Colleague: 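Before we start, here is the structure in question, set down as structure tokens.
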Amino acid sequence: MDDLLSSAPCGLFSFTDDGSLIAVNETLLEVLGYARDELLGHHVELLLSLASRMFYETHFFPMIRMHGKAQEFSLSLRAKTGESVPVLINAVRKARPGGVVNHCAFMLVRERAKYEDELLKAKWAAEEALLSNEELTRAKQELEQQTRELDQKLRMLERRNQQLTRMSTILAHDLREPARKLSMFACLFTREDREGLSLTGQRSLDRIKAVSMKMEQLVTALHELVTLDVSDEPVEEVDLLEVVGNARQRVSEAAMTGSVTLRCAPLPMVQGRRRQLMMLFYELLDNAVKFRKPDTHPQIDIECQLIQDNSFRVMKDKYRYTDFARIVVADNGMGFDNRYSEYVFEVLRKLDANTPGLGMGLAVCHKVVENHGGSISVEAELDVGTRFTILLPLRQQ
């Protein structure tokens, strides 16, 4: 090492890939208090504090080997006296006959912490001075708006990632078309063709028709659920009482039991997506009818009250109270064990495989409510009924 590098105002050292030190300059020796022969030939970790040795093994040296260099790493060197010496270090990897050498240069940063403290104090002083400034007030309002938007996006993404991971695998393999063709070819069998089959063959053909039809329904339902996240349906003023009335009519027309007894309190106007809100109440009413008790006429009660609730759902220690409609939909159906109150909202989850439906209805309800910045929960009791509680904001933020 020539005189210029040896006396440079920065510490220099070089080591091989096995960690052996092969060169150090005078600046390093002066800073750390070593003699040259106490370092050369020894492992480079002799220069490092305990914490920096771990960082060297897991980050610093792997970075040099992978990228051929490392820049502006903060490490602590260990002086001969045991003192920790904070430095900022750069490294470069160079080939040489017989192997490669890793060259490192460091600068002392003893005053850095003090400067950072001074900068932080200056920042805090400036922030306090600006608290009464009008521009700061506007900036705070913009930040609050961005925080609310971020909270909504995080809330949606948490649910979306769970569902899309499960559904994309199915939808990505074009299940709809194979299921449609399977059903179509099964239906091409004429009565004569069917009579030519054995009893086992006829049963298998019926099973193929039923399974292919269910598969097509399942793909359609999954696709419908996915589109709730990507729909460009506009937000508008929606009369919830009208939505419930339409849902009741559809359910009554489809129910084998005829009419459905529905007692509904006055419901407010909300800002939302009309089609999704209609899906929400249809699925809730349909759920009450599907899971009615045998020989019992389905009865549904809907209550509503306006409350103030925190619009932040994910971000902790953030509060902004706004107007919500708290809607309770209760039925006199079969109910279920309340320990499954979270499970029932998951996609394709059914408490009893022999019950009607695909296990998508309550997942759709959860998705619609989440898309509107609200929440839904359920309480149930076996042979008594089910009680859904929905929180919907009156205005979309």
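Note: hydrogens, waters and symmetry copies are ignored here, and every other heavy atom, side chains too, is used. All of these numbers come straight from a predicted model, not from anything done at the bench.
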Colleague: What distance do Asp239 atom CG and Leu267 atom CG have between them, rounded to the nearest 0.5 Å?
Modeller: 8.0 Å
Colleague: Run the numbers on Leu21 and His43 for side-chain contact (heavy atoms from CB on, under 4.5 Å), then give the verdict.
Modeller: CA-CA 6 Å; Leu21 284 166; His43 199 280; over 6 Å; no
Colleague: Taking the side chain as every heavy atom from C-beta outward, state whether Leu39 and Leu29 have any atom pair closer than 4.5 Å.
Modeller: yes
Colleague: Can the ring centroids of Phe61 and Tyr56 be said to lie less than 6.0 angstrom from one another?
Modeller: yes
Colleague: Are Ile89 and Val92 connected in the hydrophobic side-chain network, where two residues link if heavy atoms are under 4.5 Å apart?
Modeller: no
Colleague: Is the side chain of Ser52 donor-acceptor paired with the backbone N or O of Leu48 at a distance under 3.5 Å, no angle test?
Modeller: no
Colleague: Side-chain heavy atoms under 4.5 Å apart, restricted to Ile/Leu/Val/Met/Phe/Trp/Tyr: what other residues fall into the cluster of Val101, or is it alone?
Modeller: Ile22
Colleague: Can you tell me how far apart CD (Gln71) and CG (Leu88) are? Round to the nearest 0.5 Å.
Modeller: 10.5 Å
Colleague: Report whether Met107 and Leu77 are members of the same hydrophobic cluster (ILVMFWY, side-chain heavy atoms less than 4.5 Å apart, transitive linking).
Modeller: no
Colleague: Are Phe291 and Leu382 in one and the same hydrophobic cluster, where Ile, Leu, Val, Met, Phe, Trp and Tyr link if side-chain heavy atoms are under 4.5 Å apart?
Modeller: no
Colleague: State which residue, out of Arg274, Met269, Arg273, fulfils the side chain to side chain contact (heavy atoms under 4.5 Å, CB included) condition with Val238.
Modeller: Arg274
Colleague: Where the side chain of Asn25 meets the backbone of Gly11, is there a donor-acceptor pair that is under 3.5 Å apart?
Modeller: no
Colleague: How far does CZ of Arg387 sit from CG of Asp301, to the nearest 0.5 angstrom?
Modeller: 9.5 Å
Colleague: Any non-hydrogen side-chain atom of Asn90 less than 4.5 Å from a side-chain atom of Cys104?
Modeller: no
Colleague: If the threshold is 4.0 Å, N to carboxylate O, is there a salt bridge linking Arg36 and Glu26?
Modeller: yes
Colleague: Evaluate the criterion side chain to side chain donor-acceptor pair (under 3.5 Å) for residue pair Gln146 and Glu142; output intermediate values, then yes/no.
Modeller: CA-CA 6 Å; Gln146 292 172 359; Glu142 292 175 1; 5.3 Å; no
Colleague: For the residue pair Asn371 and Gln276, establish whether any side-chain heavy-atom pair is separated by less than 4.5 Å.
Modeller: yes
Colleague: So, does Asp286 use its side chain to make a donor-acceptor pair with the main chain of Phe281 at under 3.5 Å?
Modeller: no
Colleague: So Glu45 and Glu57, side-chain contact (heavy atoms from CB on, under 4.5 Å) or not? Walk me through it.
Modeller: CA-CA 9 Å; Glu45 290 187 357; Glu57 294 286 351; 2.3 Å; yes
Colleague: Okay, side chain of Glu233, backbone of Arg275: is any donor-acceptor separation there less than 3.5 Å?
Modeller: yes
Colleague: Answer whether the closest heavy-atom distance between the side chains of Phe388 and Asn287 falls below 4.5 Å.
Modeller: yes
Colleague: If you compare all heavy atoms of Val100 against all heavy atoms of Arg93, which two are closest, and at what distance to 0.1 Å?
Modeller: CG2-NH2, 3.3 Å
Colleague: Kindly give the heavy-atom pair with the smallest separation between Ala79 and Val85, and that separation in Å.
Modeller: CB-CG2, 4.3 Å
Colleague: So which heavy atom on Leu28 is nearest to which on Leu12, and how close?
Modeller: CD1-O, 3.9 Å
Colleague: Under the side-chain contact (heavy atoms from CB on, under 4.5 Å) criterion, do Glu237 and Arg395 qualify, and how do the steps go?
Modeller: CA-CA 9 Å; Glu237 293 288 336; Arg395 297 287 179 267; 3.9 Å; yes
Colleague: Please report the closest heavy-atom contact between Val364 and Met279, naming both atoms and the distance.
Modeller: CG1-CE, 3.6 Å
Colleague: Find the distance between CD (Glu144) and CD (Gln141) and round it off to the nearest 0.5 Å.
Modeller: 7.0 Å
Colleague: With a 4.5 Å limit on heavy-atom distance, are the side chains of Thr16 and Arg96 in contact?
Modeller: yes
Colleague: State the CD1-CZ distance between Ile302 and Arg248, to the nearest 0.5 angstrom.
Modeller: 9.5 Å
Colleague: Let me check something: do Val235 and Leu391 share a hydrophobic cluster, defined by ILVMFWY side-chain heavy atoms less than 4.5 Å apart, either directly or through other members?
Modeller: no
Colleague: Side chains of Val270 and Leu277, heavy atoms from C-beta outward: is any pair under 4.5 Å?
Modeller: yes
Colleague: Using the rule that two of Ile, Leu, Val, Met, Phe, Trp, Tyr join whenever any of their side-chain heavy atoms come within less than 4.5 Å, decide whether Leu306 and Leu241 are in one cluster.
Modeller: yes
Colleague: List the steps, then state whether side-chain contact (heavy atoms from CB on, under 4.5 Å) holds for Ile300 with Thr261.
Modeller: CA-CA 6 Å; Ile300 305 169; Thr261 300; over 6 Å; no
Colleague: Distance from Lys69 atom NZ to Met63 atom CE, nearest 0.5 Å?
Modeller: 10.5 Å
Colleague: Looking only at heavy atoms, what is the nearest atom pair of Ala91 and Ile64, with distance?
Modeller: CB-CD1, 3.6 Å
Colleague: List the atom of Arg292, the atom of Pro298, and the distance in Å for their closest heavy-atom pair.
Modeller: CD-CD, 4.1 Å
Colleague: Any sub-3.5 Å donor-acceptor pair from Ser49's side-chain atoms to Ser76's backbone N or O?
Modeller: yes
Colleague: Let me have the donor-acceptor pairs involving side chains of residues 323-345, under 3.5 Å, with sequence neighbours excluded, atom names and distances please.
Modeller:
from: Asp323; atom 1: OD1; to: Gln308; atom 2: NE2; distance (Å): 2.3
from: Asp331; atom 1: OD1; to: Gly333; atom 2: N; distance (Å): 2.9
from: Asp331; atom 1: OD1; to: Thr386; atom 2: N; distance (Å): 3.1
from: Asn332; atom 1: OD1; to: Gln299; atom 2: N; distance (Å): 3.0
from: Asn332; atom 1: ND2; to: His297; atom 2: O; distance (Å): 3.2
from: Asp337; atom 1: OD1; to: Arg339; atom 2: N; distance (Å): 3.1
from: Asp337; atom 1: OD2; to: Arg339; atom 2: NE; distance (Å): 3.2
from: Asn338; atom 1: OD1; to: Ala380; atom 2: N; distance (Å): 2.8
from: Ser341; atom 1: OG; to: Asn338; atom 2: O; distance (Å): 3.2

Colleague: Between Leu75 and Phe55, is any pair of side-chain heavy atoms under 4.5 Å apart?
Modeller: yes
Colleague: Check whether any side-chain heavy atom of Ile390 sits under 4.5 Å from a side-chain heavy atom of Leu284, and report yes or no.
Modeller: yes
Colleague: Ignoring hydrogens and geometry, is there a side-chain-to-backbone donor-acceptor pair from Glu38 to Ala35 under 3.5 Å?
Modeller: yes
